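Note on naming: letters A, B, ... go to the chains in the order of the sequence lines (proteins, then strands), and numbering restarts at 1 for each one. Note that the structure is predicted; figures quoted are calculated from it, not measured.
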There are 2 protein chains.
Amino acid sequence: MCKLAGVSERLENLTTRALSMAAMRSDRVVNERLAGAGSRKWHYAVLAALDESGPASQAELSRATGIYRSDIVAVVNELADRALVERSPDPADRRRNVVTLTAAGRRKLVKLDLLLRSVQDEVFAELTRAERDQLVTLLAKVGGPDSREH
Amino acid sequence: MCKLAGVSERLENLTTRALSMAAMRSDRVVNERLAGAGSRKWHYAVLAALDESGPASQAELSRATGIYRSDIVAVVNELADRALVERSPDPADRRRNVVTLTAAGRRKLVKLDLLLRSVQDEVFAELTRAERDQLVTLLAKVGGPDSREH
DNA sequence: CGATATTCGTTAGTGGCCCTAACGTTAGAC
DNA sequence: GTCTAACGTTAGGGCCACTAACGAATATCG
């Protein structure tokens, strides 16, 4: 009657699992598309944050994007290697680096913006606009601390 | 007007990101609670699958839970170390191992079931029953291939 | 002023999970 | 009886969350 055919019933009934799996499917598509453009999601996050608020220190970028302070170094390195960003010491506060968007970085951001917009439509293709909005509303209520970094 | 205070606007507007972040918050709670019980989510997944369908091969467990064939080895090892599961060669098919739930494993599963039920209530505390159901419905429609394993 | 706490960038490292590639062994299909 | 496919297993890469510690610079406050 119940040989292992599909997925376990009990697992299917965990809302947390449904959430995890949906996120995984979504992330997979996002990562694939970004990889196709030679980027990762953190690259986009940093570029977007810089575009919105101008030059910023790495710590500020960390707070704006949710990337850990310890991981931001590599991201900025990669962006700097691609000349999408420039890192220079802050004369006003010698602890800090000022990270600045380059022209190439701004162009890249436009591309990624477009790309991500189309990814949204792809991932949520089976949802109406209203459903999509409702999903966002519901997701915002999903618990757990938003806290990052002690 | 717009120094980096909170989170970037553009990031906030990506539904895929809202989904990722909600899943991360949810997963964090789930993992914490399970870790408190000395388990991980794959442990629960395997125990649940075994309970529902009786003894199974590792490949079957892989299909039922979504765990990769290459990762299941370790999970079964850990469960066997804790005596929650027994692994023995299948006499009928000498390629396979038969994984069987022990009495201790069944007891553990009951505990984890209870624990996870309470985690659901914790994570989705701010959602009504109806909203929770709707969330599940919406999540099911989130795109990307469900495909695992080539 | 001077001691203390805090912030910043950075390095190093852990562990989880997803995923690929390859292997020898064994069973099924033609 | 050969070829194909499934099985368990090992090894490894990649991304990400997360911790701990460091020297250096700044902010705070007595």
Side-chain angles (χ1 to χ4, degrees), chain A residues 4 17 20-21 23-32 34-35 38-46 56-78 80 85 87-99 144-150, chain B residues 4 17 20-21 23-32 34-35 38-46 56-78 80 85 87-99 144-150:
Chain A
L4 278 179
R17 182 171 221 254
S20 272
M21 305 266 291
M24 199 193 317
R25 272 172 280 152
S26 164
D27 282 348
R28 184 156 41 212
V29 176
V30 171
N31 291 333
E32 276 171 11
L34 284 177
S39 291
R40 291 185 291 134
K41 57 178 180 164
W42 291 143
H43 295 171
Y44 175 76
V46 167
S57 73
Q58 299 181 187
E60 285 169 325
L61 289 175
S62 167
R63 281 182 293 258
T65 58
I67 309 176
Y68 269 75
R69 231 170 67 248
S70 26
D71 292 334
I72 260 223
V73 186
V75 175
V76 174
N77 282 343
E78 290 165 17
V85 131
R87 169 164 44 191
S88 51
D90 184 345
D93 183 341
R94 306 219 305 279
R95 291 172 300 180
R96 303 190 182 196
N97 291 332
V98 180
V99 181
D146 306 351
S147 68
R148 295 290 208 116
E149 207 84 25
H150 23 241
Chain B
L4 277 179
R17 181 170 221 253
S20 271
M21 305 267 292
M24 200 194 317
R25 273 172 279 150
S26 163
D27 282 349
R28 186 158 38 213
V29 176
V30 171
N31 291 333
E32 275 170 12
L34 284 177
S39 290
R40 290 186 292 134
K41 57 178 181 164
W42 291 142
H43 294 170
Y44 174 77
V46 166
S57 74
Q58 298 181 189
E60 285 169 325
L61 289 175
S62 167
R63 268 168 258 143
T65 58
I67 310 176
Y68 268 73
R69 233 167 68 246
S70 27
D71 291 333
I72 256 213
V73 186
V75 175
V76 174
N77 281 344
E78 289 164 19
V85 131
R87 170 162 45 190
S88 51
D90 185 343
D93 183 341
R94 306 220 305 279
R95 290 171 304 181
R96 302 189 182 196
N97 291 332
V98 179
V99 181
D146 307 352
S147 69
R148 294 292 209 116
E149 208 84 28
H150 27 235

Legend entry - Distance, nearest 0.5 Å, that separates CG of Asn97(B) from CD of Gln58(B):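 Reported to 0.5 Å precision, the distance equals 5.0 Å.
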
Inset, instruction - With DNA chain D as reference, determine whether Asp93(A) or Asp71(B) sits nearer its 5' end, using the nearest nucleotide of each. - result: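 The residue whose closest nucleotide sits nearer the 5' end is Asp71(B).
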
Inset, instruction - With sequence neighbours excluded, tell me which residues meet side-chain hydrogen bond (donor to acceptor under 3.5 Å, both in side chains) with Ser20(B). - result: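 Here the qualifying residues are Asp27(A).
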
For atom [atom1] of [X] and atom [atom2] of [N], their distance in whole Å:
| X | N | atom1 | atom2 | answer |
| --- | --- | --- | --- | --- |
| Ile72(A) | dT11(C) | CD1 | P | 14 Å |
| Lys41(B) | dA17(D) | NZ | P | 13 Å |
| Ile67(A) | dT19(D) | CD1 | P | 17 Å |
| Arg69(B) | dC23(C) | CZ | P | 14 Å |
| Asp90(B) | dA6(D) | CG | P | 17 Å |
| Leu61(A) | dC8(C) | CG | C1' | 13 Å |
| Asp27(B) | dC17(C) | CG | C1' | 10 Å |
| Arg94(B) | dA6(D) | CZ | C1' | 15 Å |

Give a yes/no on whether any side-chain N or O of [X] is located under 4.0 angstrom from OP1 or OP2 of [N].
| X | N | result |
| --- | --- | --- |
| Gln58(B) | dT9(D) | yes |
| Tyr68(A) | dA17(D) | no |
| Asn77(A) | dT10(C) | no |
| Arg96(A) | dC8(C) | yes |
| Asn97(A) | dT10(C) | yes |
| Trp42(A) | dA17(D) | yes |

I want to verify a distance call: between [options], whose nearest atom is closest to the [X] side chain?
| X | options | answer |
| --- | --- | --- |
| Ser70(B) | dC17(C), dT26(C), dA21(C) | dA21(C) |
| Arg95(A) | dA17(D), dG8(D), dT26(D) | dT26(D) |
| Ala59(B) | dT11(C), dG8(D), dC16(D) | dG8(D) |
| Arg40(A) | dC16(D), dC18(C), dG8(D) | dC16(D) |
| Arg87(A) | dT10(C), dG8(D), dC16(D) | dT10(C) |

Legend entry - Pairwise side-chain contact, His43(B) with Val75(B), heavy-atom cut-off 4.5 Å (strictly under): yes

Legend entry - Validation row: Leu61(B), Ile67(B) side chains within 4.5 angstrom (heavy atoms): no

Legend entry - Intermediate values then yes/no, side-chain contact (heavy atoms from CB on, under 4.5 Å), Lys41(A) and Arg17(B): CA-CA 10 Å; Lys41(A) 57 178 180 164; Arg17(B) 181 170 221 253; over 6 Å; no

